Amino acid sequence: MIRIATERDLPAIVAIYNAAVPGRMATADTGPVTVESRREWFGEHTPDRHPLWVDERDGEVAGWLSLGTFYNRPAWDITAEVSVYVASAHQREGVATVLLEAAIAAAPALGLRVLIGIIFGHNEPSLALFKRSGFEQWGFMPGATELDEVERDVVFVGRRVG
């Protein structure tokens, strides 16, 4: 069941995010975040503009997707950044695909025309996910980040919606 996240989901959202940190594939954070540190971020996700959805399965949050401000200037209001994370117990069950397709379908009603994903170049599963959902590579930043003393490429993927 895809639904708007509530504050009671925040611990599960943070736990899913923190589980991705050690793999160095999905986030530029190099250490875990706290529920308290994510409260402001959570509050920035409003259902009418930049929602945060969860996929709930058997009473637990299996994954989440957020649409966030891409660049905080008025001309960019038609564009949102997509972030999607799946609990390790629910990976390869189609959770990310269902969430991403729901976001694509909802985007026009939110006033969005462009969705952007920012993905590490070595994160082949995420690059494949976005490609299957109609995203194309719109930008490439070689060696733009460093994780554990290894420079990593960043790929920008985008898709027009609506």
Side-chain angles (χ1 to χ4, degrees), residues 1-72 76-120 123-135 145 147 154-159 161-162:
M1 173 178 71
I2 306 294
R3 62 174 174 77
I4 295 292
T6 66
E7 196 159 343
R8 77 172 193 277
D9 297 316
L10 189 54
I13 290 166
V14 168
I16 291 167
Y17 182 84
N18 282 339
V21 171
R24 301 296 195 253
M25 294 271 286
T27 175
D29 278 315
T30 56
V33 300
T34 65
V35 170
E36 192 56 40
S37 73
R38 297 300 272 183
R39 287 196 193 283
E40 182 178 340
W41 167 86
F42 182 85
E44 293 168 357
H45 289 87
T46 58
D48 63 330
R49 187 70 185 138
H50 292 115
L52 173 58
W53 289 286
V54 295
D55 183 343
E56 185 178 323
R57 297 183 181 199
D58 299 322
E60 70 178 27
V61 175
W64 60 269
L65 181 144
S66 66
L67 294 180
T69 301
F70 174 68
Y71 191 68
N72 197 18
W76 290 95
D77 285 350
I78 64 168
T79 301
E81 180 184 349
V82 180
S83 297
V84 60
Y85 289 84
V86 177
S88 56
H90 292 282
Q91 290 179 353
R92 314 231 189 304
E93 293 178 2
V95 173
T97 300
V98 168
L99 284 163
L100 188 54
E101 292 302 321
I104 291 165
L110 300 168
L112 298 170
R113 289 183 243 155
V114 178
L115 298 178
I116 300 288
I118 304 171
I119 305 169
F120 287 127
N123 188 343
E124 293 178 15
S126 287
L127 291 169
L129 164 72
F130 279 79
K131 184 175 183 179
R132 283 192 309 272
S133 292
F135 286 73
T145 61
L147 292 168
V154 176
V155 178
F156 282 73
V157 295
R159 177 186 165 152
V161 293

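Keep in mind it's a predicted model, so treat the numbers as computed, not measured.
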Shortest non-hydrogen separation from [X] to [Y] and the atoms involved:
{"X": "Pro51", "Y": "Pro47", "result": "CG-O, 3.6 Å"}
{"X": "Val21", "Y": "Pro32", "result": "CG1-N, 4.5 Å"}
{"X": "Gly162", "Y": "Pro108", "result": "CA-CG, 3.4 Å"}
{"X": "Ser133", "Y": "Ile104", "result": "O-CD1, 3.7 Å"}
{"X": "Leu67", "Y": "His50", "result": "O-CB, 2.8 Å"}
{"X": "Ile2", "Y": "Ala102", "result": "CG2-CB, 4.3 Å"}

Is the closest side-chain heavy-atom distance between Leu112 and Arg49 below 4.5 Å? yes
Quick one: are Pro125 and Gln91 in side-chain contact, heavy atoms under 4.5 Å? no
With [X] via side chain to side chain donor-acceptor pair (under 3.5 Å) - residues at least two apart:
{"X": "Thr145", "value": "none"}
{"X": "Ser126", "value": "Asn123"}
{"X": "Asn72", "value": "none"}

Results of side chain to side chain contact (heavy atoms under 4.5 Å, CB included) for Ala96 - residues two or more places apart only: Val84, Val86, Leu129
Here the side chain to side chain donor-acceptor pair (under 3.5 Å) pairs for residues 10-22, sequence neighbours left out, are Tyr17-Thr27, Tyr17-Asp29
Side chain to side chain donor-acceptor pair (under 3.5 Å): pairs with one or both residues in residues 5-15, sequence neighbours excluded: Arg3-Asp9, Thr6-Arg8, Thr6-Asp9, Glu7-Arg39
Could you please spell out the steps behind the side chain to side chain contact (heavy atoms under 4.5 Å, CB included) verdict for Thr97 and Arg132? CA-CA 9 Å; Thr97 300; Arg132 283 192 309 272; 4.0 Å; yes
Point-to-point distance, once rounded to the nearest 0.5 Å, from [atom1] of [X] to [atom2] of [Y]:
{"X": "Leu52", "Y": "Ile4", "atom1": "CG", "atom2": "CD1", "result": "7.5 Å"}
{"X": "Leu147", "Y": "Met25", "atom1": "CG", "atom2": "CE", "result": "11.0 Å"}
{"X": "Phe70", "Y": "Ile78", "atom1": "CZ", "atom2": "CD1", "result": "11.5 Å"}
{"X": "Ser83", "Y": "Ile116", "atom1": "OG", "atom2": "CD1", "result": "12.0 Å"}

Please, which pairs that meet salt bridge (charged side-chain N to carboxylate O under 4.0 Å, His left out) have at least one residue in residues 13-24, sequence neighbours excluded? Arg24-Asp148
Show every salt bridge (charged side-chain N to carboxylate O under 4.0 Å, His left out) that has at least one partner inside residues 98-114, sequence neighbours left out. none
Test Val82 against Phe130 for side chain to side chain contact (heavy atoms under 4.5 Å, CB included), laying out the working first. CA-CA 10 Å; Val82 180; Phe130 279 79; 4.0 Å; yes
Residue pairs passing the ring-ring contact (aromatic ring centres under 6.0 Å, His included) test with at least one member in residues 96-120, sequence neighbours excluded, are Phe120-His122
Side chain of Arg38, backbone of Val14: donor and acceptor closer than 3.5 Å? no
With sequence neighbours left out, the residues meeting ring pair (Phe, Tyr, Trp, His ring centres under 6.0 Å) with Trp64 are Trp41, Tyr85
With sequence neighbours excluded, tell me which residues meet ring pair (Phe, Tyr, Trp, His ring centres under 6.0 Å) with His90. none
Worked check of side chain to side chain contact (heavy atoms under 4.5 Å, CB included) between Trp53 and Leu99: CA-CA 8 Å; Trp53 289 286; Leu99 284 163; 4.1 Å; yes
How would you list, by chain and number, every residue that makes a salt bridge (charged side-chain N to carboxylate O under 4.0 Å, His left out) with Glu93, sequence neighbours excluded? Arg57
